Amino acid sequence: MINIVNAVGSGNLHLELDLEQLGADLNVPYTEYDPENYHGLYVRFEEDGPLITVYRSGKYIIVGSSSLNELNETNDLFLNCIAELEGISIPDNTGFSIRNIVSTAEIGKELNLNALAIGLGLELVEFEPEQFPGLVYRPTDHPIVFLIFSSGKVVITGATDTDIATDGFEDLQSKINNIT
DNA sequence: AGCGCTACAGTGTTACGTTAAAGGTCTC
DNA sequence: GAGACCTTTAACGTAACACTGTAGCGCT
């Protein structure tokens with residue numbers, strides 16, 4: 001069982017945007033544009049909600065959603081707000097898609113990371129406890145990366161679909177059971 | 001003419017900033 | 001004890017670098 005903690009998606013409005021003007025015109029409670037600090041316009045619908053970063057090219061990124069539903073709802077809200085603006089028409093296909101899902105899971109037992117590193121294959125593993133306490137595992141059969149901790153907790157990142165993360169984690173569990 | 005050095009242009013790479021989780025280490 | 005930092009991942013555009021190639025100059 002995996003638990004999504006962060007979903008990242010991106011899309012394209014296919015419009016050249018004046019970010020300063022857009023930030024002023026958008027009917028959104030939180031916007032921030034400080035080109036001296038960063039060249040993207042930050043947009044939020046809630047103080048602690050997902051963050052939308054909009055670029056001059058019309059491309060945008062949404063980060064910080066704790067579910068795919070929240071990610072898609074935020075995208076819809078954003079597009080509706082843009083569509084309300086005078087002189088801007090939103091294309092039918094913004095190409096919005098999920099780019100990265102970060103999730104957590106639990107193996108359910110304490111792990112010996114040194115033994116696990118050998119069992120998983122040293123060429124697929126990075127483990128430098130003096131630098132970072134988690135073991136980084138990049139399986140060849142799944143397009144994801146695992147951060148595995150001695151407590152048995154696991155962070156799964158790089159997935160573009162929940163099925164990819166779930167399948168990868170189930171595979172990891174069975175590998176760990178064979179090793180330990 | 002040929003070589004070596006310097007200066008500049010152009011290209012390529014990297015960091016930035018954002019988000020989230022995990023747990024160890026360090027500073028205050 | 002609290003908080004920051006370390007690591008990973010993805011997207012994005014810009015700035016700051018590093019690096020390479022070329023041109024020009026001076027010396028032998």
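Throughout, a chain's letter reflects where its sequence line sits, starting with A, and its residues are numbered from 1. Quantities reported herein were computed from a predicted structural model and do not represent experimental measurements.
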Pairwise distance OG1(A:Thr157) to CD1(A:Ile144) - rounded to 0.5 angstrom: 9.5 Å

Length of the CZ-C1' vector between A:Phe127 and B:dG24, whole Å: 11 Å

A:His142-A:Asp171 side chain donor-acceptor pair, cut-off 3.5 Å: yes

In one Ile/Leu/Val/Met/Phe/Trp/Tyr side-chain cluster, 4.5 Å: A:Ile107, A:Val125: yes

Residues in contact with DNA chain B, drawn from residues 10-29 of chain A - heavy-atom cutoff 4.0 Å: none

Nearest-0.5 Å distance, CG of residue A:Leu26 to CG of residue A:Leu41: 7.0 Å

Taking every non-hydrogen atom, the tightest pair across A:Ala7 and A:Ser67: CB-O, 4.4 Å

Upstream residue (5' side of DNA chain B) when A:Thr53 and A:Val5 are each assigned their closest nucleotide: A:Thr53

Span of DNA chain C, from the first to the last nucleotide whose atoms fall under 4.0 Å of chain A heavy atoms: C:dC6 to C:dT14

A:Val154-A:Leu124 co-clustered via ILVMFWY side chain contacts under 4.5 Å: yes

Inter-residue atom distance A:His39.NE2 - A:Arg56.CZ, 0.5 Å rounding: 9.5 Å

Atom pair CG (A:Leu22) and OH (A:Tyr33), whose distance is rounded to the nearest 0.5 Å: 10.5 Å

Path from A:Val155 to A:Val5 over hydrophobic side-chain contacts below 4.5 Å: yes

Interatomic distance where CZ belongs to A:Phe169 and C1' belongs to B:dA22 [whole Å]: 13 Å

Sugar-phosphate, base or nothing in reach of A:Thr160, heavy atoms under 4.0 Å: nothing

A:Glu70 side, atom CD; A:Ile4 side, atom CD1 - distance, nearest 0.5 Å: 10.5 Å

Joint hydrophobic cluster, A:Leu85 plus A:Leu19, side-chain heavy atoms closer than 4.5 Å: yes

Check: A:Arg44 side chain, A:Gly49 main-chain N or O, donor-acceptor pair, under 3.5 Å: yes

Polar side-chain atom of A:Asn100 near backbone of A:Val8 as donor-acceptor pair, under 3.5 Å: no

Passing candidate, side-chain contact (heavy atoms from CB on, under 4.5 Å) with A:Phe127, options A:Ile118, A:Val136, A:Asn114: A:Asn114

Distance in Å, A:Leu71 CG paired with A:Asn75 CG, rounded so as to fall on 0.5 Å steps: 7.0 Å

Exercise: do A:Asn12 and A:Tyr60 side chains pair donor with acceptor under 3.5 Å: no

Rounded distance in Å - CD1 (A:Ile62) to C1' (B:dG17): 17 Å

Proximity to DNA chain B (any heavy atom under 4.0 Å), residues of residues 88-108 of chain A only: A:Val102, A:Thr104

Single-linkage hydrophobic cluster A:Ile98~A:Phe169, side-chain heavy atoms < 4.5 angstrom: no

N-O pairing of A:Arg138 and A:Glu126 below 4.0 Å: yes

DNA chain B contacts made by residues 129-140 of chain A, counting heavy atoms under 4.0 Å: A:Phe132, A:Pro133

Close approaches to DNA chain C from residues 37-52 of chain A, in residue order (heavy atom, under 4.0 Å): A:Tyr38, A:His39

Residues within residues 142-149 of chain A bordering DNA chain C, heavy-atom distance below 4.0 Å: A:Val145, A:Leu147

